[in-house]
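Structure, as structure tokens:
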Amino acid sequence: MSRIAGIYHKDGVSNDSILTSEMLKVIKTVPDWSVYTNSLGCGGIGWIGDSDSKLLETGNVIAAMDGHIYNHDELGERDIDLVVNLYQKYGFEKMIQSLNGDFAISLYDASDGSIWLARDRFGIKPLFYVEKYSFFAFCSRLKALLVLPEVNCEPRHEFVARFAGSHYRYFDNDIEKSPYKNISQLPAAHILCHKNGKTRVYRYWQLNELSDWAGSKEDLAHQYCDLLLDSVTRRLRVSKIPAFTLSGGMDSSSVMAAAVKIAGKKQHAFSTVYKDKTYDESEEIVSMLDSCVDQWHKICIDVPDVVNLIQKMISVHDEPVATATWLSHYLLCEETKKHGFGSLFGGLGGDELNAGEYEHFLFFFADLHVSGNEERLKHEIEMWSQYHDHPLYRKNAEIVYKSFNKIVDLNKRGKCLPDRDRINSYSRAINTDYFDTSVYDPVMDHPFSSYLKNRTFQDMTRETIPCCLRAEDRQTIAFGLDNFLPFLDYRLVEFMFRVPGTLKYDAGVTKYLLREAMGGILPEETRLRVKKTGWNAPAHRWFSGEGQDVLKDMIRSSSFRNRGIYNIKEVERLLEEHEEIVSTGAMMENHMMFFWQLVNLELWFQSLKDGY
């Protein structure tokens, strides 16, 4: 558990160590964290954490690191010593490329005045920076940069408009930007070099299209199992008193079962369960208890104090929080710490690697269609309909073929299209004078010739994973916990992006290769379960009944209306409609996510020091 910060004054000002210390003290969320700073010439770098300092000065170099390196045993040294020694031997880029870890690394070389920054391949550890005429500064937290002169907290209008009226998948499409107009984000898998007044940002790792694995499913399942077990093993070695998040799905269950096999003993599991059964997974979790769980810690949630909790969450996020699920995770982290644990393992990344989201089916179907495999496609659609049909979200062949025109470009193999319905889901509720959301055109990367691979790659880099990583990082750190995500070991990701979709699905069942890989490790009831509830929260109830009183007060307030973000009449209409849907049980989509986003956005604005 740690954070890093630093500042470099271009005019030779010598108080960098003091400013670095001030930045770090702003984000000291855990009382027993210690602050360390060093300065050389015009540059200062600092580290804050609860363990031995990961800040090192030697010769002309100062370096600091937030996070963990998992292959130090192969490279011969541990963490920050390894970083500096490899830099001095091979340079910054080759040093970073040699590391397997979750990290944000900063290094200042006084011999040429260069500042180097890097984030791990998936952005598990955060890193932001500001470049002004007189200085360059960076930090793990947005809040710290806001204490610097010339850096204000003006929100970026495009981000605000997307957060207010679009789907959470599009909040992170601009990978180099933060929610604040004057603060940039270093993207995952990127290096930054600031030297001689110029800043260069470039990628050091990426997934490229390679031929699919040709081995049998048995051989690939064995390789997959070995990689996952190795990934969990490496993280267990550096963890402190580990606990495990546990839902009813395959991903968190696989991570926990792997840890049980490695450690030779059952582990502690933490789960959020709900009085409202819409998203409760208690029954699905039970199948893990006998073989894997030492003690099951259930965090029972009914209708929480939403406003109070969101205010607390924003104070550790420095921005609005993407989805209601993270309120449940916040309470889970709090409970994990109360029980004396120091690390939390989770299954994030499993859906993206194994094509586990319901919508991933459609991209798999598109791959079958353009490859001419209509017989397999017909069978898969039939089984998809049989296993996963829903009265609100229907599953049939007509829907599949209609979807092709909306989600993929059939003339450009592998090219996925942005979901305009999602992008514009609540555009009528946004005041076009504030920002015209109709001009928004998200980046859709397509490095692969497979629709499914490109869809899951998009999730990994610009949609689901970035906002989830941000939430897990902020909330675990807020309670003094390390966060470990074994599915996001880059070797495992590279392996899975060479597995064809035909081994990720089988007769309407998702995560086929993972199920094969976990034979004899997962309980059979868990391994073979087809239905998926999905990790979500019953926020529809939080914003109905008495919960609407807070919303009405917020919407009627002069501060809310004067911001000019929303079309107030449309917001009021949505509020009435949401209440009717929830109270009558109508088979329609309610508006819980819109109101979760509205409340988060308003409370974030209220927290900004300059009154935006």
Side-chain angles (χ1 to χ4, degrees), residues 3-24 37-47 54-67 80 83-84 86-88 90-97 99 103-121 123 125-142 144-152 174-178 180-205:
R3 295 299 194 203
I4 60 173
I7 189 166
Y8 170 88
H9 273 91
K10 303 173 186 179
D11 57 5
V13 174
S14 60
N15 64 343
D16 298 313
S17 183
I18 296 172
L19 286 172
T20 301
S21 181
E22 288 178 0
M23 282 194 286
L24 290 171
T37 60
N38 271 332
S39 60
L40 278 173
C42 302
I45 288 180
W47 178 92
K54 293 184 180 180
L55 176 70
L56 178 64
E57 177 185 349
T58 176
N60 290 319
V61 173
I62 311 174
M65 174 182 152
D66 172 21
I80 195 63
V83 167
V84 171
L86 288 177
Y87 168 74
Q88 292 174 331
Y90 305 115
F92 195 83
E93 182 173 351
K94 286 186 178 180
M95 177 269 291
I96 291 295
Q97 290 173 334
L99 302 180
F103 53 76
I105 291 174
S106 60
L107 186 145
Y108 175 64
D109 190 335
S111 65
D112 61 2
S114 59
I115 297 174
W116 295 88
L117 304 177
R119 282 178 81 191
D120 62 75
R121 292 165 176 84
K125 292 297 179 181
L127 201 53
F128 303 94
Y129 67 96
V130 169
E131 186 170 10
K132 295 291 184 180
Y133 176 77
S134 61
F135 68 85
F136 176 92
F138 64 89
C139 192
S140 303
R141 282 277 300 273
L142 291 158
L145 293 167
L146 295 173
V147 307
L148 297 174
E150 302 179 50
V151 183
N152 64 40
D174 300 324
I175 61 175
E176 295 183 355
K177 296 179 181 178
S178 84
Y180 296 90
K181 183 178 179 180
N182 298 301
I183 300 177
S184 299
Q185 176 179 226
L186 181 63
H190 277 68
I191 287 170
L192 179 150
C193 179
H194 180 81
K195 184 178 179 180
N196 297 327
K198 297 181 180 180
T199 297
R200 183 167 67 104
V201 177
Y202 61 97
R203 181 180 290 277
Y204 69 85
W205 176 88

Atom of [X], atom of [Y] and distance for their closest heavy-atom approach:
X	Y	result
Ile62	Leu55	CG2-CD1, 3.8 Å
Gly46	Ala64	O-CB, 3.9 Å
Gly44	Thr20	O-OG1, 3.5 Å
Tyr87	Phe92	CD1-N, 3.5 Å
Asn152	Leu146	O-CD2, 3.4 Å
Lys125	Asp120	N-OD2, 3.1 Å

Could you measure the distance from the [atom1] atom of [X] to the [atom2] atom of [Y]? Nearest 0.5 Å is fine.
X	Y	atom1	atom2	result
Ile45	Ile7	CD1	CD1	12.0 Å
Lys177	Gln185	NZ	CD	12.0 Å
Ile175	Arg203	CD1	CZ	6.0 Å
Ser140	Met23	OG	CE	10.0 Å

Sequence-distant partners of Ser134, side-chain contact (heavy atoms from CB on, under 4.5 Å), two or more places apart | Glu150

The single option from Tyr180, Phe136, Phe138, Phe135 that satisfies ring-ring contact (aromatic ring centres under 6.0 Å, His included) with Tyr129 is Phe136

Could you walk me through whether Val130 and Asn182 pass side-chain contact (heavy atoms from CB on, under 4.5 Å), step by step?
-> CA-CA 7 Å; Val130 169; Asn182 298 301; 5.8 Å; no

Under 3.5 Å, is there a donor-acceptor pair between the side chain of [X] and the main chain of [Y]?
X	Y	value
Arg3	Asp66	no
Arg141	Phe128	no
Tyr204	Arg119	yes

pair [X]-[Y]: side-chain heavy atoms closer than 4.5 Å:
X	Y	answer
Leu99	Ile105	yes
Lys132	Leu148	no
Phe103	Ile96	yes
Met65	Ile4	no

Return all side-chain donor-acceptor pairs below 3.5 angstrom for residues 187-198, not counting sequence neighbours, or 'none' if the list is empty.
unit_1	atom_1	unit_2	atom_2	d
His190	ND1	Ala188	O	2.8
His194	ND1	Thr199	OG1	2.7
Lys195	NZ	Asp112	OD2	3.3

Can you establish whether the number of heavy atoms outside Tyr133 located under 6.0 Å from its atom OH is more than 12?
-> no

